[in-house]
Number of protein chains: 2
Amino acid sequence: MIENKDPIKSDNLTARLIEAIVNGEYPPGSKISEPELARVFDVSRGPLREAMMRVESLNLVERVPHVGARVVTLSLDKLVEIYAVREALEGMAANLACKYITDAEITVLEDLLNRHQSHIEQVDGASYFYQQGDFDFHYLIIQASKNHQLIALLCDQLYHLVRMYRYQSPRSHARPEKALYEHFAILNAIKARDPELAEMLMRRHIKNSRLLIENELLEE
Amino acid sequence: MIENKDPIKSDNLTARLIEAIVNGEYPPGSKISEPELARVFDVSRGPLREAMMRVESLNLVERVPHVGARVVTLSLDKLVEIYAVREALEGMAANLACKYITDAEITVLEDLLNRHQSHIEQVDGASYFYQQGDFDFHYLIIQASKNHQLIALLCDQLYHLVRMYRYQSPRSHARPEKALYEHFAILNAIKARDPELAEMLMRRHIKNSRLLIENELLEE
DNA sequence: ATCAACAATATTGTCAACAATTGTGGTTTT
DNA sequence: AAAACCACAATTGTTGACAATATTGTTGAT
């Protein structure tokens with residue numbers, strides 16, 4: 001049993017910082033004070049700054065020289081842009097998944113969607129559980145593409161911002177029945193090894209989410 | 001006249017490190033020693049490590065805890081993956097450019113391609129100048145998409161690796177006449193505000209480059 | 001001679017203090 | 001009273017030293 005404790009403060013800090021920012025512990029726009037955070041995480045400013053540099057590379061904070069770092073504010077415009085990129089990249093992922101997905105991965109996806117099905121019938125509506133489940137579905141498809149550059153770009157770069165948004169407005173994405181239906185359709189296309197259809201369905205699925213956001217944007 | 005000297009060592013270092021790695025000053029696979037680099041760049045290890053963290057986020061170096069960092073070795077497989085992602089993203093950029101490109105940007109692109117035309121007729125072949133020109137063309141199209149997330153992903157993340165590859169094997173991409181012809185076709189589609197055509201042509205253009213790489217891969 | 005254990009060396013990870021810059025509050029001036 | 005200026009405080013940027021870990025070289029045993 002390899003423990004892989006990873007006792008390196010700087011590395012662990014990065015993950016903890018990401019999580020803290022994504023789940024709103026440090027709200028958008030708020031200033032991040034190095035001395036304060038160093039106290040909170042019980043490290044010195046050295047490793048903390050190294051972690052901050054990485055978090056900055058993820059576009060989760062914005063730094064101004066000699067002034068400091070602030071948590072990014074996720075405007076709806078920015079989010080629409082992100083969803084447009086997701087459309088292209090996850091469409092591509094669905095396409096590739098048709099070729100490279102394994103039977104084992106298909107089984108995992110089927111189990112996941114079946115659990116969602118029964119969960120929705122019981123709870124009847126959006127819930128934290130389903131939110132996470134939606135991410136799981138997309139992550140699995142992305143992984144199944146087997147393109148490591150694509151996986152890194154989506155999972156390590158874009159998805160933190162998407163998760164951050166959903167923490168902020170958890171109910172705006174609430175169209176669980178329709179989304180689940182679309183998930184089933186995508187999975188079916190992948191099982192049928194139909195790349196064009198899978199890509200088209202995935203693009204439309206994400207486009208539908210994007211349209212919800214754009215509607216929010218119009219209501220202001 | 002704003003000087004914007006940006007005297008922050010950590011920030012400047014990042015750019016210098018990127019350039020040094022991309023142009024092969026530190027060859028792929030070579031170990032990066034913190035004390036040595038600190039001497040070379042005349043800074044202490046603190047800022048250097050901060051820069052290293054950012055360079056690591058760009059996937060230009062790979063770090064192992066307590067062991068050190070090495071410049072990434074760009075395998076052909078990895079490169080093919082990158083080009084596949086470029087196909088999706090730059091296709092999207094060409095598509096969006098049709099809607100958002102300005103007349104001024106079109107003029108810049110036309111001038112650029114005309115210079116390439118006369119340059120190729122004179123020098124008759126691939127040259128460093130044309131290599132840079134190819135990048136300029138793609139950068140301009142990407143910028144014209146006006147999607148900042150897309151721009152950041154391509155220019156700040158992927159393109160460093162692409163440039164690194166071209167420095168390594170500068171002649172494998174030598175198909176300047178055909179590439180220039182394709183560039184003109186893409187620009188014409190954008191000028192005609194035909195998103196589907198522009199996207200298709202851009203995807204095919206990048207796909208052609210990818211096929212060259214895949215052929216190299218088969219020859220081994 | 002080959003391999004294993006151990007000591008020495010070098011490198012990475014971390015810390016606390018110092019330097020440089022920015023923001024703030026009060027004072028002065030118009 | 002409003003604006004400009006100056007000094008103070010706080011924060012960021014940087015440095016050099018210390019601690020922890022990995023690599024190297026050496027010794028000794030089989």
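Numbers restart at 1 for each chain; the letters A, B, ... are given by sequence-line order, proteins then strands.
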Spacing of [X] atom [atom1] relative to [N] atom [atom2], expressed in whole Å:
X: A:R49; N: D:dT12; atom1: CZ; atom2: P; answer: 8 Å
X: A:H66; N: C:dA19; atom1: NE2; atom2: P; answer: 15 Å
X: A:L48; N: D:dT12; atom1: CG; atom2: C1'; answer: 12 Å
X: A:R39; N: C:dT14; atom1: CZ; atom2: P; answer: 20 Å
X: A:M52; N: D:dT12; atom1: CE; atom2: C1'; answer: 11 Å
X: B:M53; N: C:dT14; atom1: CE; atom2: P; answer: 8 Å
X: B:E34; N: D:dA22; atom1: CD; atom2: P; answer: 15 Å
X: A:E50; N: C:dC15; atom1: CD; atom2: P; answer: 11 Å

Distance test, side-chain N/O of [X] to OP1/OP2 of [N], below 4.0 Å:
X: B:R45; N: C:dT12; value: no
X: A:K31; N: D:dA10; value: no
X: A:R63; N: D:dG13; value: yes

Could you tell me whether a side-chain N or O of B:K78 sits under 3.5 Å from a main-chain N or O of B:T73, the two making a donor and an acceptor? yes

A:S44 has its side chain closest, among D:dT15, D:dT12, C:dC15, to C:dC15

Return the nearest nucleotide to the side chain of A:P47; candidates are D:dT12, C:dT14, D:dT15. C:dT14

Qualifying residue for side-chain hydrogen bond (donor to acceptor under 3.5 Å, both in side chains) with B:H205, from B:E87, B:E90, B:H183, B:R210: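 Answer to the side-chain hydrogen bond (donor to acceptor under 3.5 Å, both in side chains) test with B:H205 among B:E87, B:E90, B:H183, B:R210: B:H183.
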
What is the nucleic acid contact for B:L37, judged by heavy atoms within less than 4.0 Å: base, sugar-phosphate only, or nothing? nothing

Name the nucleic acid region contacted by B:G46, choosing base, sugar-phosphate or nothing; use a 4.0 angstrom heavy-atom cut-off, strictly under.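 Base, at least one base atom sits under 4.0 Å.
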
With a distance cut-off below 6.0 Å to the six-membered ring centre and an angular limit of 45° from the axis, does B:R166 pair with B:F135 as a cation-pi contact? yes

Six-ring centre of B:Y83, B:R86 cation under 6.0 angstrom, axis tolerance 45°: yes

Would you mind checking if B:R54 and B:E50 are paired as a salt bridge, meaning a charged N to carboxylate O distance below 4.0 Å?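 Not counted as a salt bridge, because no side-chain N and carboxylate O are separated by less than 4.0 Å.
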
